[in-house]
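No experiment lies behind these values; they were computed from the predicted model shown.
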Amino acid sequence: MRIQIIAVGQKMPAWVEQGFQEYLRRFPADMPLSLTEIPAGKRGKNADIKRILQKEGELTLAAIPKGNRIVTLEVNGSPWDTPKLALQMEKWQMDGRDISLLIGGPEGLAPECIQVAEQKWSLSTLTLPHPLVRIVLAESLYRAWSINNNHPYHRE
């Protein structure tokens with residue numbers, strides 16, 4: 001199973017790149033993790049947010065390989081603790097499809113992305129900065145993988 005993270009936003013600070021890469025390199029060959037970045041629309045004083053979201057949504061949906069399970073990250077999604085995420089990961093593997101996890105921009109995901117989601121997941125009831133979500137998501141997925149594979153990472 002391949003896990004694809006699709007995130008709105010590019011040109012992240014070095015600490016975000018380093019943090020994400022740390023977990024990216026840890027994933028095993030039989031469960032590779034990848035990141036697809038979607039350019040964020042320019043937000044100015046008189047920005048048409050609805051139009052920007054629509055464009056980001058179109059680009060996000062175009063980046064999802066056909067047949068992938070789509071999971072959106074949303075504040076009002078289902079809260080999964082680490083053991084539940086590990087169980088969810090096992091279910092995803094049994095399903096036999098690859099996964100696309102969608103992270104929106106400052107205003108969240110486009111309605112079109114939310115409509116096609118098979119699952120909605122909330123990392124936290126807190127509002128997290130979108131760059132930080134990448135690192136938290138990668139670490140959470142790696143921790144769930146480590147539980148399912150009896151890897152010592154979770155016990156560290």
Run Glu37 and Lys11 through salt bridge (charged side-chain N to carboxylate O under 4.0 Å, His left out) and show every step you take. CA-CA 9 Å; Glu37 293 181 317; Lys11 298 180 184 153; over 6 Å; no

Any idea which heavy atoms bring [X] and [Y] closest together, and the distance?
X      : Y      : value
Cys113 : Thr72  : O-CG2, 3.8 Å
Trp121 : Ser78  : CD1-O, 3.3 Å
Gly57  : Ala110 : CA-CB, 3.6 Å

To the nearest 0.5 Å, what is the distance between [atom1] on [X] and [atom2] on [Y]?
X      : Y      : atom1 : atom2 : value
Glu74  : Ile103 : CD    : CD1   : 12.0 Å
Leu35  : Leu101 : CG    : CG    : 11.0 Å
Tyr142 : Ser140 : OH    : OG    : 13.5 Å
Met12  : Glu17  : CE    : CD    : 7.5 Å
Thr82  : Met89  : OG1   : CE    : 10.5 Å
Ile3   : Leu137 : CD1   : CG    : 8.5 Å

Backbone N/O of [Y] and side chain of [X]: donor-acceptor pair under 3.5 Å:
X      : Y      : answer
Glu56  : Gly41  : yes
Ser122 : Ser124 : yes
Gln18  : Pro13  : no
Asn148 : Ala86  : yes
Asn68  : Ile64  : no

How about Arg97: does its CZ atom have over 12 heavy atoms from other parts shown lying under 6.0 Å from it? yes

Taking atom CZ as the centre, does Arg51 end up with more than 12 heavy-atom neighbours from other residues, nucleotides or ligands that are less than 6.0 angstrom away? no

Do [X] and [Y] come within less than 4.5 Å of each other through their side chains, counting heavy atoms only?
X      : Y      : answer
Ile38  : Ile6   : yes
Val8   : His130 : no
Leu59  : Pro39  : yes
Leu132 : Val16  : no
Leu73  : Leu102 : no
Arg26  : Trp145 : no
Arg43  : Glu107 : yes
Ile5   : Thr36  : no

Same apolar cluster (I L V M F W Y, side chains within < 4.5 Å links), [X]/[Y]:
X      : Y      : value
Trp80  : Leu126 : yes
Val116 : Ile114 : yes
Val136 : Leu109 : no
Val133 : Phe27  : yes
Leu85  : Met31  : yes

Between Arg69 and Asp95, is there a salt bridge with N-O shorter than 4.0 Å? yes

When you look at Trp92 and Gln119, which way does the side chain to side chain donor-acceptor pair (under 3.5 Å) test go after all the steps? CA-CA 11 Å; Trp92 290 341; Gln119 292 176 289; 2.8 Å; yes

Stepwise salt bridge (charged side-chain N to carboxylate O under 4.0 Å, His left out) check, Arg134 with Glu139: CA-CA 9 Å; Arg134 296 175 186 206; Glu139 192 282 336; over 6 Å; no

Over 60° means perpendicular and under 30° means parallel, so classify the ring planes of Tyr23 and Tyr153, tilted if in between. perpendicular

Quick one: do the Gln4 and Ser34 side chains pair a donor with an acceptor below 3.5 Å? no

